[in-house]
Chemist: 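The structure follows.
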Amino acid sequence: MNKKQKKMLARIIAAAVLLAAVSFAPTTGVLRFVLYMVPYLIVGYDILIKAAKGIRNRQIFDENFLMAIATVGAIALALYDRSGDYTEAIAVMLFYQVGELFQSYAVGKSRRNISDLMDIRPDYANIEREGKLEQVDPDEVEIGSLIVVQPGEKVPIDGIVTEGSSSLNTSALTGESLPRDVSAGDEIISGCINMTGLLKIQTTKEFGESTVSKILDLVENASSRKSKSEDFIAKFARVYTPAVCIAALALAILPPLVQMIFMGLPPRWDTWVYRALTFLVISCPCALVISIPLSFFAGIGGASKAGVLVKGSNYLETLSKTKTVVFDKTGTLTQGVFEVSGIHHNTVENEKILEYAALAESASSHPISRSLQRAYGKEIDRSRVQDIKEISGNGVIAKVDGVEVAAGNTKLMERLHIPYIDCHHVGTIVHMAIQGEYVGHILISDIVKPHAKEAIQALKASGVHKTIMLTGDAKKVADQVAAAVGVDEAHSELLPSDKVEWVERFMEQKQDQDKLAFVGDGINDAPVLRRADIGIAMGAMGSDAAIEAADVVLMDDDPLKIAKAIRISRKCLGIVYQNIVFAIGIKLICLILGAFGIANMWLAIFADVGVMIIAVLNAIRALFVQKL
């Protein structure tokens with residue numbers, strides 16, 4: 001509890017103790033009234049002040065006004081009846097404040113969950129100057145600067161590791177507890193915590209454009225984008241509150257007048273005023289006004305803790321209605337990195353083939369060459385390589401340890417009149433020949449992400465009707481990836497504008513209430529991310545343009561998180577609808593009972609405070625989404 005909440009709790013306890021004491025005190029008349037007013041003012045003075053300010057500022061119809069009118073009216077009735085029983089009026093105020101305290105605590109808990117994410121904000125960056133580390137504001141660090149991150153410190157700015165190796169704690173960004181190992185040459189994003197070794201990092205972005213800044217901006221501004229449910233509740237409260245005030249006034253005045261004028265009976269003003277006051281307490285819309293935004297706030301907080309950043313409650317609501325998911329291929333369903341995925345028909349050891357291929361290709365910066373060197377995994381000794389001859393569009397011929405090595409495509413083998421064996425796998429094929437003899441071929445391909453197939457299955461289990469893949473790759477590659485992950489449709493050899501056209505076509509085919517999500521990571525995905533009902537971007541390695549255009553960002557690039565994001569949104573919306581139905585339903589029943597004199601002030605307290613506490617308790621369930 002914070003200081004304000006502790007103070008409120010002390011007021012509630014003091015008022016409750018004094019109320020109990022006064023109830024048993026053998027006092028009457030003015031003294032009894034004064035003694036009862038002490039606990040009433042202790043617990044309710046701030047409500048009375050807020051109500052007075054609302055009247056003064058012409059913003060009358062809120063819960064403070066309803067509470068003030070109801071409790072002051074109940075006290076006035078007790079004075080009129082000379083009953084000396086002011087317990088109901090004080091109890092209404094007391095239990096209302098208990099509800100407010102509970103709501104404040106629940107909101108605080110939700111905000112603390114968001115604040116845990118805010119802990120990724122770095123306080124400083126270390127710059128090495130004249131052999132000493134100097135702490136500077138991350139905003140002052142320019143692109144290309146060399147920063148030092150010591151064990152236990154946060155990585156302040158995105159960059160590339162130039163020296164050192166370490167394990168990183170990425171849980172604040174991705175929701176995953178497993179550490180990530182990095183070494184020289186690896187990209188590193190801000191917000192991670194360096195756990196073991198000292199790292200030197202060359203920055204690739206300014207602090208304002210780094211991952212940590214973008215995450216904080218997304219979360220801090222998420223509440224400004226309201227859902228349709230929140231807009232409905234805000235509009236509902238603006239109409240509902242003055243309407244019930246008018247209804248309560250009519251309930252207090254019209255029935256007595258009817259009794260007096262048309263029925264010739266005594267008007268019984270006290271009975272109908274009491275019913276009107278009970279009606280006011282019951283009608284207070286706190287449960288809806290508080291619990292609905294809290295449900296969305298808690299849902300966004302819970303999702304961010306799981307590594308899913310949702311830019312607003314409106315997107316959370318849209319995500320819950322997703323029935324079609326369209327994927328980009330490279331970097332989304334596949335890793336977007338060429339890797340050696342097999343060595344086939346080899347007549348010498350795999351290690352030897354890779355060694356000769358890596359050395360022969362050592363002078364090239366082509367992605368295929370780099371993938372061969374990564375697969376070799378050892379330092380390249382360029383002194384072992386002579387007479388490198390690169391044949392454009394064919395491959396490379398070189399002497400490695402005095403032995404002639406040819407590495408290239410089918411054109412190179414045909415050029416050298418070397419018989420070769422075709423590969424039936426999809427990918428880039430590097431045929432290898434040593435001293436004019438064919439020794440096999442190396443398959444290099446874009447690897448499907450480990451959870452891609454599982455992600456498609458999880459989406460279908462979550463109620464997604466159709467999964468589609470759009471890619472600029474060749475049809476053969478697209479069909480293989482589509483079959484491997486299990487998507488329903490695949491369309492290949494597309495330009496960025498073609499992807500937009502396909503998405504528009506799918507959006508015309510779906511039902512009006514159903515939504516289409518597009519998942520991508522590249523700069524060329526930005527237009528289609530904006531065009532879809534909801535855009536989902538890969539946040540760890542995705543481009544800035546894609547993250548900016550998207551409505552939801554997955555911080556660890558794991559496609560399995562898409563189904564989790566949909567489940568989180570549906571849980572959150574389920575809680576919202578539960579609260580709307582429950583709160584309105586209970587209030588309508590109690591309002592009818594109150595109008596007919598069946599409900600008293602104690603039932604009114606339940607209809608207001610009790611319903612609010614139950615709704616708030618239900619709302620904070622949206623925080624707990626880790627196991628969804």
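The chain is numbered in sequence order, starting from 1. Note that this is a predicted model, so its numbers are computed, not measured.
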Chemist: What pair of heavy atoms forms the shortest contact from Val340 to Ala375, and how long is it?
Modeler: CG2-CB, 3.5 Å
Chemist: I need the minimum non-hydrogen distance between Ala360 and Val400, along with the two atoms involved.
Modeler: N-CG2, 4.2 Å
Chemist: Are Glu153 and Tyr124 close enough, and set up right, to give a side-chain hydrogen bond (donor to acceptor under 3.5 Å, both in side chains), and what steps lead you there?
Modeler: CA-CA 9 Å; Glu153 292 183 334; Tyr124 58 86; 2.8 Å; yes
Chemist: Apply side-chain contact (heavy atoms from CB on, under 4.5 Å) to Asn409 and list each qualifying residue two or more places apart in sequence or on a separate chain.
Modeler: Asn394, Lys411, Leu412
Chemist: Step by step, would you call Ile468 with Phe327 a side chain to side chain contact (heavy atoms under 4.5 Å, CB included)?
Modeler: CA-CA 6 Å; Ile468 303 159; Phe327 294 89; over 6 Å; no
Chemist: Begin from the C-alpha positions of Ile388 and Val396 and carry the test side chain to side chain contact (heavy atoms under 4.5 Å, CB included) through to its verdict.
Modeler: CA-CA 7 Å; Ile388 298 173; Val396 173; 4.1 Å; yes
Chemist: Which atoms form the tightest heavy-atom contact between Pro138 and Ile157, and what is the distance?
Modeler: O-CD1, 3.7 Å
Chemist: Hey, is NZ on Lys453 packed in by over 12 heavy atoms from elsewhere, all under 6.0 Å?
Modeler: no
Chemist: Take atom CD of Gln513 as the centre, draw a 6.0 Å sphere, and report whether it contains more than 12 heavy atoms from other residues, nucleotides or ligands.
Modeler: yes
Chemist: Under the 3.5 angstrom rule, does the side chain of Thr334 hit a backbone N or O of Lys329 as a donor-acceptor pair?
Modeler: yes
Chemist: Are a donor atom and an acceptor atom from the side chains of Ser166 and Thr196 found within less than 3.5 Å of each other?
Modeler: yes
Chemist: Yes or no on side-chain hydrogen bond (donor to acceptor under 3.5 Å, both in side chains) for Ser190 and Asp158, after CA distance, side-chain angles and deciding distance?
Modeler: CA-CA 5 Å; Ser190 51; Asp158 296 7; 2.8 Å; yes
Chemist: Please report, to 0.1 Å, the donor-acceptor pairs under 3.5 Å made by any side chain of residues 480-492, with sequence neighbours excluded.
Modeler:
{"from": "Asp488", "atom 1": "OD1", "to": "Lys460", "atom 2": "NZ", "distance (Å)": "3.0"}
{"from": "Asp488", "atom 1": "OD2", "to": "Thr467", "atom 2": "N", "distance (Å)": "2.9"}
{"from": "Asp488", "atom 1": "OD2", "to": "Thr467", "atom 2": "OG1", "distance (Å)": "3.4"}
{"from": "Glu489", "atom 1": "OE1", "to": "His491", "atom 2": "NE2", "distance (Å)": "2.9"}
{"from": "Glu489", "atom 1": "OE2", "to": "Lys466", "atom 2": "NZ", "distance (Å)": "3.4"}

Chemist: Do Gln150 and Asn194 pair up side chain to side chain, a donor and an acceptor below 3.5 Å, judged on atom types alone?
Modeler: no
Chemist: For a quick test of reading the model, state the closest non-hydrogen atom pair linking Pro156 to Ile147 and the distance between them.
Modeler: CG-CD1, 3.8 Å
Chemist: Looking at Asp551 and Ile534, what are the two nearest heavy atoms and their distance?
Modeler: OD2-CA, 3.3 Å
Chemist: Before giving the answer on side chain to side chain contact (heavy atoms under 4.5 Å, CB included), spell out for Lys449 and Met538 the whole-Å C-alpha distance, their side-chain angles and the decisive distance to 0.1 Å.
Modeler: CA-CA 13 Å; Lys449 286 187 176 179; Met538 299 293 170; 4.1 Å; yes
Chemist: Is Glu355 salt-bridged to Arg384, cutoff N-O under 4.0 Å?
Modeler: yes
Chemist: Under 4.0 Å between a Lys/Arg side-chain N and an Asp/Glu carboxylate O for Glu349 and Lys352?
Modeler: no
Chemist: For Ser341 and Ser445, run side-chain hydrogen bond (donor to acceptor under 3.5 Å, both in side chains): C-alpha distance rounded to whole Å, both residues' side-chain angles, the deciding distance at 0.1 Å, then the answer.
Modeler: CA-CA 6 Å; Ser341 55; Ser445 56; 2.8 Å; yes
Chemist: How close do Phe506 and Val326 get, heavy atom to heavy atom, and via which atoms?
Modeler: CD1-CG2, 4.2 Å
Chemist: For His344, check ring pair (Phe, Tyr, Trp, His ring centres under 6.0 Å) against everything at least two apart and list the hits.
Modeler: His425, His441
